[in-house]
Enquirer: 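Structure below; questions to follow.
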Amino acid sequence: MQRPATRRRLMALYRRLLRHFGPQLWWPARSRFEMIVGAILTQNTAWTNVKRAIARMRAERLLTPDRIDAAPHGTLARLIRSSGYYNMKAGRLKQFTGFLSTRYGGSLTRMFQTELPRLREELLGISGIGEETADSILLYAGNRPIFVVDAYTRRVLERHGLIRAGTSYREIQWLFMDRLPADAALFNEYHALLVALGKVYCQKTPRCDVCPLRYDLPDGRVPTQLRAR
Ligand code: SF4
């Protein structure tokens, strides 16, 4: 596929989604640090469960890096119980705050001043932080222009013939970043819209007949072999 054609297509999909769903106003949080906490807690669970955990942390005044650092592991785990895998996630929060304190003296401002590829590598070096979480932190808390790829993104692109099954995270990310302007606001909204699309229409069994992106399907219909994935 020609690169300019893919760029036009990706932008057309974006505009169609924005018209349909409207701005998603991500990430729903009161501070950059709360965004990071949310990005870590949302792994393998629904956002409603994360909201409950964050509300409990806020009530206990635990939404700062130094307070998480100082809190006993068991206390933290109990407060975030609703987010699932709470022992593991308490450890991940502490890993992150430990990293922030050791490497950047506890300053998110200093951390986000680091060159993007280097900071991404550093975040990926923290136990339990994978590519999607690291990129969510960089984009939504750091306002850095990097595209976040999730299961919904992969599903939509596969069904529309833009990628093949097994395409790597970095290749999918590059598909967007190589063709679209390096614009954090655009990447922010695009990812949030793909999540909305995946929740409402592009579910395991796709609802193509009522979906705003139906016009873009190869031959006007989702390939049979890609159904229910
Ligand atoms: S048209 Fe179908 S395959 Fe495409 S995004 Fe919508 S539901 Fe998914």
Side-chain angles (χ1 to χ4, degrees), residues 1-29 35 38-39 42-51 84 130-140 144-229:
M1 182 167 293
Q2 295 292 314
R3 186 161 303 203
T6 307
R7 179 170 59 231
R8 277 198 301 275
R9 196 170 159 200
L10 288 174
M11 282 309 298
L13 293 174
Y14 171 75
R15 282 193 288 268
R16 185 69 68 110
L17 288 174
L18 187 59
R19 207 161 50 236
H20 184 82
F21 289 108
Q24 298 298 295
L25 309 175
W26 274 31
W27 184 291
M35 282 180 198
T42 201
Q43 295 169 349
N44 304 310
T45 195
W47 183 249
T48 47
N49 301 326
V50 176
K51 276 203 314 201
E131 293 192 285
E132 186 183 338
T133 306
D135 292 337
S136 296
I137 291 171
L138 290 164
L139 176 63
Y140 289 103
R144 307 298 291 272
I146 191 157
F147 204 90
V148 178
V149 176
D150 69 347
Y152 291 131
T153 312
R154 179 182 291 281
R155 183 189 284 166
V156 172
L157 295 189
E158 266 190 50
R159 285 174 171 172
H160 283 252
L162 280 156
I163 58 167
R164 284 191 291 274
T167 303
S168 73
Y169 183 102
R170 286 293 257 174
E171 285 174 307
I172 298 173
Q173 184 176 57
W174 190 242
L175 178 79
F176 290 92
M177 294 181 61
D178 187 40
R179 277 120 180 135
L180 303 179
D183 178 348
L186 171 66
F187 292 171
N188 172 328
E189 195 63 60
Y190 208 149
H191 172 67
L193 287 165
L194 284 170
V195 172
L197 176 72
K199 284 184 176 165
V200 179
Y201 298 108
C202 209
Q203 301 161 349
K204 279 198 172 175
T205 301
R207 302 175 59 219
C208 303
D209 48 334
V210 287
C211 178
L213 298 194
R214 189 175 59 157
Y215 80 94
D216 182 70
L217 282 173
D219 303 324
R221 61 191 175 85
V222 66
T224 318
Q225 72 272 21
L226 290 180
R227 286 185 172 274
R229 286 177 69 164

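Not measured: the values here are computed from a predicted model. In listed order, ligands and their atoms are each counted from 1.
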Enquirer: Table please: side-chain donor-acceptor pairs of residues 190-197 below 3.5 Å, with sequence neighbours left out.
Expert:
unit_1 : atom_1 : unit_2 : atom_2 : d
Tyr190 : OH     : Leu10  : O      : 2.7
His191 : ND1    : Val148 : O      : 3.2

Enquirer: Under 4.0 Å from any heavy atom of Arg159, which atoms of ligand 1 are there?
Expert: 3 (S)
Enquirer: Is ligand 1 under 4.0 Å from a heavy atom in the side chain of Arg207, in the backbone, in both, or in neither?
Expert: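 The answer is the backbone of Arg207.
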Enquirer: Backbone or side chain, does Cys208 get an N/O/S atom under 2.8 Å to atom 2 (Fe) of ligand 1?
Expert: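 Checking Cys208: at least one N, O or S atom is under 2.8 Å.
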Enquirer: Flag Cys211 as yes if one of its N/O/S atoms falls below 2.8 Å of atom 8 (Fe) of ligand 1, otherwise no.
Expert: no
Enquirer: Using a strict 4.0 Å cut-off to heavy atoms of Tyr201, name the atoms of ligand 1 that fall inside it.
Expert: 7 (S)
Enquirer: One residue to check: Leu217. Relative to ligand 1, which of side chain, backbone, both or neither has a non-hydrogen atom less than 4.0 Å away?
Expert: side chain
Enquirer: Not counting sequence neighbours, list each pair that qualifies as a side chain to side chain donor-acceptor pair (under 3.5 Å) and has a residue in residues 16-28.
Expert: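 Counting only pairs at least two positions apart or across chains, the side chain to side chain donor-acceptor pair (under 3.5 Å) contacts touching residues 16-28 are His20-Tyr201.
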Enquirer: Distance from Arg144 atom CZ to Asn188 atom CG, nearest 0.5 Å?
Expert: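 So the CZ of Arg144 and the CG of Asn188 are separated by 15.0 Å.
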Enquirer: Could you tell me, atom by atom, which parts of ligand 1 come under 4.0 Å of a heavy atom of Arg214?
Expert: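 With Arg214 as reference, the close atoms of ligand 1 come out as 1 (S).
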Enquirer: Which distance, rounded to the nearest 0.5 Å, do you find between the CG of Leu13 and the CG of Asp216?
Expert: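 It is 4.5 Å, given to the nearest 0.5 Å.
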Enquirer: Measure from the side-chain N and O atoms of Glu132 to the backbone N and O of Asp150, and report whether any donor-acceptor pair falls under 3.5 Å.
Expert: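 Side chain of Glu132 to backbone of Asp150, a donor-acceptor pair under 3.5 Å: no, none is there.
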Enquirer: Is Arg214 paired with Asp209 through a side-chain N to carboxylate O contact shorter than 4.0 Å?
Expert: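 So Asp209 does not pair with Arg214 through a salt bridge.
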